[in-house]
2 protein chains.
Amino acid sequence: MSVHLLQTATSVLLKDPTASLGDVARAAGVGRTTLHKRFPTRSALVRAVASDALDLIESVSCHVDFSRDDAIEDLMTRLVALGPRVEFLLRFPGLERDEELAARIREMDRPVLDLITRLQGTKLRRDLPAWWILHTLYAGLFNAWEAISDGRLAPLDAPRFVLTTVFEGVSSAGAADRT
Amino acid sequence: MSVHLLQTATSVLLKDPTASLGDVARAAGVGRTTLHKRFPTRSALVRAVASDALDLIESVSCHVDFSRDDAIEDLMTRLVALGPRVEFLLRFPGLERDEELAARIREMDRPVLDLITRLQGTKLRRDLPAWWILHTLYAGLFNAWEAISDGRLAPLDAPRFVLTTVFEGVSSAGAADRT
DNA sequence: ACCGTTGTGAACATGAGTGTTCACCTGCTG
DNA sequence: CAGCAGGTGAACACTCATGTTCACAACGGT
């Protein structure tokens, strides 16, 4: 019930961040009054959607063994599968102005940043800052989600696309030692 | 005068897509009435800003020799320098619903897509679709712009970051043949 | 000095989103 | 059956962005 409401709100607000609460309620098949009862204000709804996305990420990242060297591959594969629910976090405008959410996001990034920094000793290049690599990973996720929702990319192809692109790049030089 | 107005509108609307016309006018140091006189409606302003960004891109891409093999590097380097004015195009929500703008964007993408397809015969990997490579390039630009506006990345470092990351990836395997 | 242009502030009407209340209905439980 | 929790639509007041009009000031050209 309530979870379906959040899912609907996510997709509606993601497609049009200026959508009215009436639009959200109608899309979810509930009355606007009911929506207001569960989320008193618009910002409360937005916060709930974002918080739900963060919960989703946490529930995924706690299954990842960050001590393994292929932790990034594992994490990315799992994140790709989450799709729009999480895309909301990176895309919804003005979300970063909520200090509580921003803090949770930073806290969520920390283990990944640590992992990247550690792997820069072995498999990751050292001439790029860890934060840049992190953002590159996110950008790859973002690309995949967008392509999937546009129908251009099959969900099952997505992890491979993201990982090969981010790790090996689009130059054919890197592709040689893989084929 | 009018160009400065568009620049201000770009940055204000980029920071907060829901900013009111009053906010834009105040940031530009002009009266709201004046803004209304130049751009009768809000959507007219948005379209003008987007159109300005497209003009900017066209003025850059006409200096690029698309027959050269390093055309992508050239194009990316020039695009990175444009910064927020163009970021608006990729970021402002609902922009793709304007069919005229969408058509101009597609038309703008076409020569780049052709270039990518051609280069997939030589320097670009063939196991990824051209559109994916294009979006990966855009994602790199996006990352750079965001990092620059956050103050984390020096504008002069940006082209190198984007190009090495997109072409060679973040894995240290590709970095070996460069160092 | 006159006049057209351009920008400005003030004021107003309008519409939409929002938050709230209320009366009513439904289904479940004791 | 009574009571209660949860959902619903209707109606309301309120706020705010928006678009419009108008009168006034500044400026440049004639």
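Letters A, B, ... mirror the listed sequences (proteins, then strands); counts begin at 1. Computed from a predicted structure; not experimentally measured.
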Extract all donor-acceptor atom pairs below 3.5 Å that involve side chains of residues 66-73 of chain B and protein atoms in other chains or at least two apart in sequence.
residue	atom	partner	partner atom	Å
B:S67	OG	B:D65	OD1	2.6
B:S67	OG	B:D65	OD2	3.4
B:R68	NE	B:D70	OD1	3.0
B:R68	NH2	B:D70	OD2	3.2
B:E73	OE2	B:K123	NZ	2.8

Discussion item. Does anything in residues 49-64 of chain A form a salt bridge (Lys or Arg N to Asp or Glu O under 4.0 Å)? List the pairs, not counting sequence neighbours.
Written reply: A:D52-A:R85, A:D55-A:R104, A:E58-A:R104
Item to complete: With sequence neighbours left out, write down each residue that passes side-chain contact (heavy atoms from CB on, under 4.5 Å) with B:A158, or none if nothing qualifies.
Response: B:V80, B:A144, B:I148, B:L153
Discussion item. How many whole angstroms separate atom CG of B:L35 from atom C1' of C:dT6?
Written reply: 15 Å
Can you list, pair by pair, the side-chain donor-acceptor contacts under 3.5 Å of residues 87-96 of chain A, counting residues two or more places apart and other chains?
residue	atom	partner	partner atom	Å
A:E87	OE2	A:R91	NH1	2.8

Worksheet entry | Under 4.0 Å protein heavy-atom contacts per nucleotide of nucleotides 9-24 of chain C, with B for base, S for backbone only and - for none | BBB-----SBBBB---
Fill in: Any B:R38 side-chain N or O less than 4.0 Å from OP1/OP2 of C:dT6
no
Item to complete: Taking side-chain contact (heavy atoms from CB on, under 4.5 Å) as the test, write out the residues that go with A:A102, two or more places apart.
Response: A:E99, A:R106
Worksheet item: Atom CG of B:D16 and atom C1' of D:dA17: how far apart are they, to the nearest Å?
Response: 13 Å
